[in-house]
Amino acid sequence: MTTMKKNMFPPGLVNNLQDVLSKKGANKNEQKQQKDDDSTETSTSSSTAGNENDSSKPVVLVTNGEGVDSLGLVYLVQALVGLGLYNVNVCAPHSDKSASGHSLTVRETITVTQAEIEGATAYEATGTTVDCVSLALSGALFSWTKPLLVISGINRGSSCGHHMFHSGVIAGAREALISGVPSLSISLNWKREESQESDFKDAVAVSLPLINAALRDIEKGVFPKSFFLSIEIPTSPKANKGFKLTKQSMWRSTPCWQAVPANRNPSAPHFMGNQQSLGLQLAQLGRDASAAGAARRGTTPRNNEEVESVGAAKSDNKAKKYFRLEFLDKETEATDDELDFKALGKGLIAVTPVSVSLQLESDVQTAASSWISGVLSGGAEQ
């Protein structure tokens, strides 16, 4: 509007027709400028999209549950980029979302930012692992329509047994399978007193033969479509005793909730520091709104008026308790060597097929057995 006014003649020297023509000319100029800007933006976007991937190479999407900067993901992406066989794309959480299970972010907006990982097109998101996979596969973020394979990992810590149900890294692979894309999840049985950062590089090295075999067979159309593979790597990857097809066990760590005094709770400032003033403001607004409502109702109070007012007054006086969750490993009596955690404990790389349909369990086990047997007989080597 400011540009139009500057281009108009003084009102006393023009008639209505000239005024209309002047505006029309200004609009045309604006439209032309907008068209040129749009054309430039489209050209730039096309150029960016063109540089994003080499169309001659298949696309591999990598995510994880521990954040885009975690060593497991970084080393895995470096190895895949180093092979030079794939377009490597990353969409992973901005921060640690371990144990977030198969949760999606709803009624909130997530923020996506480009991440710097050499050789890969990478983004980090404020949502969960499942958010990242769902967004990546939606077509709203990347220029491609569908990756050949989704790899979720490498996670720090085992995802065996019941841990599969709340594991973020498992959920990432599961979401891909639900969306019709083959997937793998990879976890390293990290132990605080034994493991070292270099173990992630070794975990990548022992995983690559299985990853390459999966990609090869997906391209051939012979990779099973009814499950994804959960790959559990032992604490000392270099000393592993080979791959073993396993079944999901009933094993789980024991959850231990510890009460934490408020004055000793290290996370209390984190939760309260940024939220307390906002909470007090909202509480005050609630009280003001309640008082205003009562004033409007005047001499005809409703039955719930007293309850509403008292509830608002009590909200600031509620006692807060703090708890911290820790998991304790427990001894198990299971002797079935086909179970994931038993194989892992013996130094084997446990490969467990995981389906989203319980009715397919026997079929999944048969199909997985056939595929793994073929891979281990020499098919995984390239």
Side-chain angles (χ1 to χ4, degrees), residues 41 44-55 57-100 102-105 108-157 167-176 179 181 183-188 190 197-198 200-201 203-204 207-208 211 215:
E41 184 177 349
T44 303
S45 300
S46 300
S47 175
T48 302
N51 292 333
E52 185 174 308
N53 286 313
D54 179 352
S55 60
K57 298 178 182 179
V59 173
V60 176
L61 174 67
V62 180
T63 190
N64 75 343
E66 297 179 330
V68 71
D69 294 325
S70 65
L71 289 177
L73 181 142
V74 171
Y75 288 145
L76 176 60
V77 171
Q78 286 178 353
L80 291 171
V81 169
L83 292 174
L85 301 173
Y86 318 112
N87 288 315
V88 183
N89 293 257
V90 178
C91 187
H94 166 74
S95 58
D96 192 342
K97 298 294 182 180
S98 299
S100 60
H102 207 103
S103 59
L104 278 164
T105 301
E108 293 180 23
T109 300
I110 69 170
T111 302
V112 179
T113 309
Q114 193 158 14
E116 296 298 327
I117 302 180
E118 187 175 355
T121 302
Y123 294 93
E124 55 184 283
T126 56
T128 66
T129 305
V130 174
D131 287 327
C132 292
V133 174
S134 179
L135 174 63
L137 299 183
S138 71
L141 183 61
F142 293 102
S143 60
W144 41 259
T145 56
K146 192 175 182 181
L148 193 66
L149 177 69
V150 172
I151 307 174
S152 186
I154 295 175
N155 188 66
R156 183 189 299 259
S167 167
V169 72
I170 291 286
R174 187 190 297 116
E175 178 65 18
S179 302
V181 180
S183 59
L184 309 172
S185 75
I186 309 175
S187 297
L188 170 64
W190 179 275
E197 292 184 354
S198 60
F200 281 109
K201 287 188 176 182
V204 170
S207 301
L208 280 179
I211 293 172
L215 285 162

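Scanning all heavy atoms of the two residues, the minimum distance from Ile110 to Ala125 falls at CD1-CB, 4.3 Å. Scanning all heavy atoms of the two residues, the minimum distance from Tyr75 to Glu197 falls at CE1-O, 3.9 Å. Glu66 and Asn155 get closest at one heavy-atom pair: OE2-OD1, 3.2 Å. Here the closest heavy-atom approach between residue Gly127 and residue Pro93 is recorded as O-CB, 3.7 Å. Shortest non-hydrogen contact noted between Gly153 and Val62 is O-CG1, 4.1 Å. When all heavy atoms of Ala115 and Val68 are compared, the pair lying nearest together is CB-CG2, 4.2 Å.
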**OP:** Tell me, with the steps shown, if Leu104 and Ser134 meet side-chain contact (heavy atoms from CB on, under 4.5 Å).
**Re:** CA-CA 9 Å; Leu104 278 164; Ser134 179; 4.3 Å; yes
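No donor-acceptor pair closer than 3.5 Å links the side chain of Ser185 to the backbone N or O of Val169. Looking at Thr113, its side chain never comes within 3.5 Å of a backbone N or O of Glu124 through a donor-acceptor pair. Formation of a donor-acceptor pair under 3.5 Å by the Thr105 side chain with backbone atoms of Glu108 is not found in this model.
To the nearest 0.5 Å, atoms CG (Leu71) and CZ (Phe200) are separated by 6.0 Å. Atoms NZ and CG, on Lys57 and Leu83 in that order, are 10.0 Å from each other to the nearest 0.5 Å. For the atom pair Leu184 CG and Ser207 OG, the distance stands at 9.0 Å (nearest 0.5 Å). The OG1 atom of Thr129 sits 10.5 Å away from atom CD of Glu175, with the distance rounded to the nearest 0.5 Å. Taking CG of Leu61 as the reference point, atom SG of Cys132 lies at 9.0 Å (rounded to 0.5 Å). Taking OH of Tyr86 as the start and CD1 of Ile211 as the end, the distance is 8.5 Å to the nearest 0.5 Å.
With a 4.5 Å cut-off on side-chain heavy atoms, Pro147 and Val181 count as touching. At a threshold of 4.5 Å between non-hydrogen side-chain atoms, the residues Leu141 and Ser138 do not count as touching.
Of the options Leu80, Leu73, Thr63, Asn64, a side chain to side chain contact (heavy atoms under 4.5 Å, CB included) to Ile151 is made by Leu80 and by none of the others.
Counting only N and O atoms by type, the side chains of Asn87 and Trp144 include no donor and acceptor under 3.5 Å apart. Asp131 and Thr128 form a side-chain donor-acceptor contact under 3.5 Å, judged by distance and modelled atom types alone.
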